[in-house]
Visitor: 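Submitted below is the structure of interest, expressed as structure tokens.
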Amino acid sequence: MSDPRVMVTGGAGFIGSHLVDRLLELGYIVDVIDDLSSGSLLNLTNARQNYLGRIFIHQLDIRSPALLELARRRRPSTIFHLAARTDVTASISNPSDDLSVNVAGSIRVLEAALAGEATKVIYATSAAIYGNPTFDLLPIDEGNQLKPISPYGASKRAVIDYLEIFRSIYDLEYTALVFANVYGPRQGFHGEAGVVATFTERLLAGRPCQVFGDGTSTRDYVYVSDVVDAMIRSMDSAGGLLVNVGTAVETQINVLFELVARATGSTLGPRVMPLRVGEIQRSALSIERAKAQLGWKPMIDIRDGISILVDWYNSRPVEFVNRRLRSR
Ligand SMILES: NC(=O)c1ccc[n+]([C@@H]2O[C@H](COP(=O)([O-])OP(=O)(O)OC[C@H]3O[C@@H](n4cnc5c(N)ncnc54)[C@H](O)[C@@H]3O)[C@@H](O)[C@H]2O)c1
């Protein structure tokens with residue numbers, strides 16, 4: 001029997017590249033679809049060096065009709081769909097671009113899944129779909145109302161409807177994983193939990209950091225290897241379900257700042273800025289469904305995660321440093 005084949009959209013991005021690494025370790029042949037708009041081939045350096053002939057990188061926009069022909073040829077059994085515009089602020093200034101990539105692009109991915117006779121799509125959605133829940137509902141479970149407050153959140157919510165529709169009309173199975181704020185090595189500054197990367201990089205460089213609002217807004221920070229673990233477990237579980245992937249723990253932004261400052265040995269204080277439009281005040285995700293359906297729970301707490309991240313920053317290859325300097 002030939003080796004199992006999967007496709008990862010957004011596979012050159014932060015989370016996608018960690019998923020690709022894990023899939024290759026597990027023996028899969030992996031097709032990466034990425035237009036490299038926010039991702040980078042640098043993120044796949046190890047994968048390309050160590051798994052020659054098992055990883056295929058296609059620089060392609062997910063909106064392109066060529067994706068259907070590609071899926072027909074490559075015939076992945078599962079498609080992990082992570083390609084997206086991930087910047088909430090950019091979604092407010094350019095909602096039609098967000099809609100085009102995140103919704104129309106996702107529909108193209110579902111069409112490709114049908115064309116290639118994939119049996120499952122695992123979709124990366126976001127806590128932004130829940131909007132600003134009343135605080136007594138925290139940590140939010142999957143039964144909560146979906147009331148996004150940004151175009152990004154709306155686009156991430158819309159795709160869930162399409163997944164359900166494709167499941168009922170075409171029998172295409174899906175799991176939609178609701179990521180909390182994911183952090184870890186290779187993260188860009190602009191995505192949802194980019195604040196962890198930003199604090200770490202700036203404090204290590206002796207540069208000040210901005211904190212938006214009074215520092216009491218909260219997020220649920222989940223380490224990237226835990227997220228990858230949940231995605232792998234979803235390959236044969238949790239069909240037709242929305243499943244939160246977080247820690248259920250709220251961390252205030254000023255506490256996060258302190259943790260990163262301590263781990264980097266910095267004595268700089270934060271610069272306080274007004275809260276940005278479209279930002280959620282407090283967030284934490286209940287993980288009871290992930291425990292029950294995926295047998296999953298997070299293994300890395302925020303202190304350990306930050307410590308691993310700081311070590312990575314201190315030993316990262318020089319190409320990453322140069323790329324960061326260019327993206328500032
Ligand atoms: N990082 C988080 O905290 C977080 C939280 C919730 C949900 N998510 C979701 O997880 C997924 C991955 O996020 P990430 O943080 O790794 O972001 P990322 O920007 O690092 O990765 C996204 C990847 O998609 C690619 N891409 C963007 N538009 C594309 C297009 N039109 N065609 C092909 N490729 C395209 C980018 O080049 C990039 O490699 C996204 O769907 C995001 O919405 C992330």
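Any value given below was found using the heavy atoms of this structure, including those in side chains, with hydrogens, waters and symmetry copies removed. Read the numbers this way: they start at 1 and go in the same order the structure lists the ligands and their atoms. Nothing fancy with the numbering, it's 1 onward along the sequence.
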Visitor: Between D229 and R233 (salt bridge meaning N to carboxylate O under 4.0 Å), is one present in this structure?
Guide: yes
Visitor: For Y130 and D141, test the side chains for any donor-to-acceptor distance below 3.5 angstrom and give the result as yes or no.
Guide: no
Visitor: Can you sort out which atoms of ligand 1 are near G39, meaning under 4.0 Å from one of its heavy atoms?
Guide: 36 (C), 37 (O), 38 (C), 39 (O)
Visitor: Sub-3.5 Å donor-acceptor pair from the side chain of R108 to the main-chain atoms of R63, do we have one?
Guide: yes
Visitor: Using side-chain heavy atoms (C-beta onward) and a distance below 4.5 Å, is T218 in contact with I253?
Guide: no
Visitor: Which atoms of ligand 1 have any heavy atom of S38 under 4.0 Å away?
Guide: 18 (P), 19 (O), 22 (C), 36 (C), 37 (O), 38 (C)
Visitor: With heavy-atom distances below 4.0 Å as the criterion, list the atoms of ligand 1 near T86.
Guide: 13 (O), 17 (O), 19 (O), 40 (C), 42 (C), 43 (O)
Visitor: Just jot down the ligand 1 atoms closer than 4.0 angstrom to any heavy atom of N181, in number order.
Guide: 3 (O)
Visitor: Does a side-chain N-to-carboxylate-O contact under 4.0 Å join E250 and R282?
Guide: yes
Visitor: Provide the number and element of each atom of ligand 1 under 4.0 Å from a heavy atom of L36.
Guide: 37 (O)
Visitor: Specify whether Y170 and F166 have parallel, tilted or perpendicular ring planes, treating 30° as the upper limit for parallel and 60° as the lower limit for perpendicular.
Guide: tilted
Visitor: Can you list the atoms of ligand 1 that are under 4.0 Å from a heavy atom of F179?
Guide: 5 (C), 6 (C), 7 (C), 8 (N), 10 (O)
Visitor: For ligand 1, which is the ligand I care about here, please tell me if S126 has any N or O atom under 3.5 Å from one of the ligand's N or O atoms.
Guide: no
Visitor: For atom 24 (O) of ligand 1, tell me which residue out of A12, G105, A83, S40 has the closest non-hydrogen atom.
Guide: A83
Visitor: Determine whether Y223 and D304 make a side-chain contact, defined as any pair of heavy atoms from C-beta on separated by less than 4.5 Å.
Guide: no
Visitor: For ligand 1, which part of F80 has a heavy atom less than 4.0 Å away: the side chain, the backbone, both, or neither?
Guide: neither
Visitor: Quick check: does F14 get an N/O under 3.5 Å from an N/O on ligand 1?
Guide: yes
Visitor: At a 4.0 Å cut-off, with the gap strictly under it, does some heavy atom of Y183 reach an atom of ligand 1?
Guide: no
Visitor: Can you list the ligand 1 atoms lying under 4.0 Å from a non-hydrogen atom of G13?
Guide: 20 (O), 21 (O), 38 (C), 39 (O)
Visitor: Look at atom 23 (C) of ligand 1 and find which of A128, G10, S100 reaches it with the closest heavy atom.
Guide: G10
Visitor: Any N or O on H81 sitting closer than 3.5 Å to an N or O of ligand 1?
Guide: no
Visitor: Do R186 and S17 pair up side chain to side chain, a donor and an acceptor below 3.5 Å, judged on atom types alone?
Guide: yes
Visitor: For atom 27 (C) of ligand 1, which candidate among S17, G194, S37 holds the nearest heavy atom?
Guide: S37
Visitor: Which option, V182, L19, T125, D34, owns the non-hydrogen atom nearest atom 3 (O) of ligand 1?
Guide: V182
Visitor: Any heavy-atom pair between the side chains of R48 and I57 that's under 4.5 Å?
Guide: yes
Visitor: Can you give each donor-acceptor pair under 3.5 Å made by side-chain atoms of residues 131-138, sequence neighbours left out, with the distance rounded to 0.1 Å?
Guide:
| residue | atom | partner | partner atom | Å |
| --- | --- | --- | --- | --- |
| N132 | OD1 | Q281 | N | 2.9 |
| T134 | OG1 | D136 | OD1 | 2.7 |

Visitor: Below 4.0 Å from any atom of ligand 1, is there a heavy atom belonging to R85?
Guide: yes
Visitor: When you measure from atom 1 (N) of ligand 1 to each heavy atom in I15, V245, V196, which option holds the nearest one?
Guide: I15
Visitor: Cation-pi check, R74 to F56: give yes when NZ or CZ is under 6.0 Å from the six-membered ring centre and within 45° of the ring axis, no otherwise.
Guide: yes
Visitor: Report the part of N102 (side chain from C-beta onward, or backbone N, CA, C, O) that has a heavy atom under 4.0 Å from ligand 1; answer both or neither where that applies.
Guide: neither
Visitor: Does R85 pair with D98 as a salt bridge, N-O distance under 4.0 Å?
Guide: no
Visitor: Taking atom types as modelled and ignoring hydrogens, do the side chains of S225 and H18 form a donor-acceptor contact shorter than 3.5 angstrom?
Guide: no
Visitor: Under 3.5 Å between any N/O of I62 and any N/O of ligand 1: does that happen in this structure?
Guide: yes
Visitor: Under 4.0 angstrom from ligand 1, any heavy atom of K156?
Guide: yes
Visitor: Going by the order shown, which atoms of ligand 1 are within less than 4.0 Å of some heavy atom of A180?
Guide: 3 (O), 5 (C), 6 (C)
